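So you know, we letter chains A, B, ... as the sequences are listed, proteins then strands, and number each from 1. Just so it is clear, the structure is predicted and the values come from calculations on it, not from any experiment.
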Protein chains: 2
Amino acid sequence: MNEKLAVARLKALADPARLKLVRILADLPDEHTLRDERCGTAYGVCFCHLEDRLGLSAPTVSHHLKVLREAGLIEAIRAGRWTYYRLNPAGLNGLLQELAELQPKPIRLELAQ
Amino acid sequence: MNEKLAVARLKALADPARLKLVRILADLPDEHTLRDERCGTAYGVCFCHLEDRLGLSAPTVSHHLKVLREAGLIEAIRAGRWTYYRLNPAGLNGLLQELAELQPKPIRLELAQ
DNA sequence: CAAGACGTTTTATATATATCAAACTGAATC
DNA sequence: GATTCAGTTTGATATATATAAAACGTCTTG
């Protein structure tokens with residue numbers, strides 16, 4: 001992952017409202033999640049539910065979701081008049097791998113001659 | 001980790017200059033790293049080196065280091081007139097664990113009766 | 001103790017951004 | 001087609017913050 005993308009993803013998560021949004025999407029609340037009728041696969045969580053949970057205006061929630069989407073952390077699906085949001089697992093995984101590389105390097109042993 | 005701390009750590013990393021600082025500290029450049037003479041354990045990287053690598057003014061670099069320090073991601077050590085900085089592994093690890101929990105939950109199987 | 005070296009803190013400023021109201025868009029319904 | 005519904009985009013504003021100059025604190029050295 002390039003640096004710009006890593007920073008964009010960190011910025012996207014570095015806000016209480018957006019971190020909360022991601023947590024809600026990670027939990028997939030049964031009531032407000034659109035699923036495939038046959039296998040139960042989750043398509044996403046309804047915008048209205050996210051708005052309720054955040055207690056922020058619709059424009060503000062929409063703005064935060066856009067930031068997360070442009071960072072590749074979530075995806076949106078339109079179904080008629082409603083919009084459903086869900087995590088993009090690849091986005092979060094990419095960031096996790098990037099951050100894991102920042103952990104202290106293991107000691108390089110130099111064997112005695 | 002509480003939410004405030006997680007956001008503070010994400011904010012701290014969500015800046016090009018600070019992410020670069022953390023990367024430099026993760027790499028521990030031999031030339032500018034203070035080590036224990038006997039075992040070679042790294043105490044930290046000299047401030048002057050970080051200033052050089054970032055190409056920003058000393059006050060700005062000092063500001064960024066303070067943000068990282070207050071987020072618990074790095075530590076500072078004074079040695080005479082010089083200051084050395086190093087990663088605080090626990091800080092980054094804590095954040096990584098926090099983010100790992102955001103990954104999609106495994107499917108809860110409901111066995112047929 | 002005076003002078004210099006190395007960072008930090010304070011202050012000022014310009015940019016970024018979180019928030020909401022108002023206006024807009026596209027889909028469903030009458 | 002007109003109206004309503006569900007979000008999004010635009011515009012305005014207040015707050016946060018990245019940056020550097022100036023002032024300061026602290027340690028070393030003459």
Side-chain angles (χ1 to χ4, degrees), chain A residues 3-25 31-34 43-71 73-86, chain B residues 3-25 31-34 43-71 73-86:
Chain A
E3 191 214 300
K4 291 238 172 188
L5 183 56
V7 168
R9 286 182 175 168
L10 287 164
K11 265 205 174 85
L13 293 175
D15 176 275
R18 290 195 292 264
L19 188 56
K20 189 169 182 180
L21 282 173
V22 170
R23 282 184 170 139
I24 296 170
L25 297 184
E31 328 84 73
H32 296 90
T33 298
L34 180 65
Y43 290 141
V45 179
C46 179
F47 174 91
C48 61
H49 177 64
L50 301 173
E51 191 183 349
D52 288 348
R53 291 284 303 273
L54 256 63
L56 295 173
S57 72
T60 298
V61 175
S62 188
H63 159 70
H64 286 310
L65 289 167
K66 187 178 186 180
V67 171
L68 288 168
R69 195 154 39 76
E70 289 178 344
L73 291 170
I74 68 173
E75 299 168 331
I77 293 177
R78 290 292 294 259
R81 285 193 298 209
W82 294 277
T83 311
Y84 295 86
Y85 285 90
R86 66 178 173 196
Chain B
E3 190 212 302
K4 291 238 172 189
L5 184 54
V7 169
R9 286 181 175 169
L10 286 164
K11 265 205 174 84
L13 292 176
D15 175 275
R18 290 194 291 264
L19 189 56
K20 189 168 182 180
L21 281 173
V22 171
R23 282 183 169 140
I24 296 170
L25 296 185
E31 329 84 74
H32 296 91
T33 298
L34 180 65
Y43 290 140
V45 179
C46 179
F47 174 90
C48 61
H49 178 64
L50 302 174
E51 191 183 351
D52 288 349
R53 289 285 303 272
L54 257 64
L56 294 173
S57 71
T60 298
V61 175
S62 188
H63 160 69
H64 286 310
L65 289 167
K66 188 178 186 180
V67 171
L68 288 168
R69 196 154 40 75
E70 289 178 343
L73 292 170
I74 68 173
E75 298 168 331
I77 293 177
R78 291 293 292 261
R81 285 191 299 210
W82 293 275
T83 310
Y84 294 86
Y85 285 90
R86 67 178 174 196

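Across all strands, B:Arg18 comes closer than 4.0 Å only to sugar-phosphate atoms, never to a base (heavy-atom distances). Among the heavy atoms of the strands lying under 4.0 Å from A:Tyr85 are primed sugar atoms or P, OP1, OP2 only; no base atom is included. At the heavy-atom level, A:Thr83 lies under 4.0 Å from the strands shown only through sugar-phosphate atoms.
Put simply, CD on A:Glu51 is 15 Å from P on D:dC5, counting in whole angstrom units. A straight line from CG of A:Leu56 to C1' of C:dA18 spans 9 Å, rounded to a whole angstrom. Per the geometry, CG belonging to A:Leu54 stands 9 Å off P belonging to C:dT19, to the nearest Å. Here the C1' atom of nucleotide D:dA6 and the NE2 atom of A:His49 are 17 Å apart, to the nearest Å. Here the C1' atom of nucleotide C:dC6 and the NZ atom of B:Lys66 are 17 Å apart, to the nearest Å. Note: NZ (B:Lys20) to P (D:dA18) measures 17 Å, nearest angstrom. Here D:dT8 presents its C1' atom at 11 Å from CG of A:Leu65, a figure rounded to the nearest Å. Rounded to an integer number of Å, the gap from CG of B:Leu10 to P of D:dT17 is 14 Å.
Taking only side-chain nitrogens and oxygens, B:Thr60 comes nearer than 4.0 Å to OP1 or OP2 of D:dA20. Side-chain nitrogen and oxygen atoms of B:His63 include none within less than 4.0 Å of the OP1 or OP2 phosphate oxygen of D:dA20.
In terms of position on DNA chain D, the residue among B:Val67 and B:Pro59 whose nearest nucleotide sits closer to the 5' end is B:Val67. Annotation: of the two residues near DNA chain C, A:Gly80 and A:Ala58, the 5′-most nearest-nucleotide partner is A:Ala58. Taking for each of A:Val61 and A:Arg81 the nucleotide of DNA chain C with the nearest heavy atom, the 5'-most of the two is the partner of A:Val61.
With D:dG7, C:dT17, C:dT8 as the candidates, the nucleotide lying closest to the side chain of A:Lys11 is C:dT17. Of the candidates D:dA6, C:dT19, D:dA22, the closest approach to any side-chain atom of A:Ala17 belongs to C:dT19. Set against D:dG7, C:dG7, C:dA18, the side chain of A:His64 has C:dA18 as its closest nucleotide.
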Side chain to side chain contact (heavy atoms under 4.5 Å, CB included) between A:Val7 and A:Lys11, worked out: CA-CA 6 Å; A:Val7 168; A:Lys11 265 205 174 85; 4.0 Å; yes
Stepwise, does the side chain to side chain contact (heavy atoms under 4.5 Å, CB included) test hold for B:Leu73 with B:Arg18? CA-CA 11 Å; B:Leu73 292 170; B:Arg18 290 194 291 264; over 6 Å; no
Evaluate side chain to side chain contact (heavy atoms under 4.5 Å, CB included) for B:His64 paired with B:Leu50, printing each intermediate quantity in order. CA-CA 11 Å; B:His64 286 310; B:Leu50 302 174; over 6 Å; no
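Closest approach of A:Tyr84 to A:Ala79, counting heavy atoms only: CE1-CB, 3.9 Å.
Of the listed residues (A:Val45, A:Leu25, A:Val61, A:Val22), just one forms a side-chain contact (heavy atoms from CB on, under 4.5 Å) with A:Tyr85, and that residue is A:Leu25.
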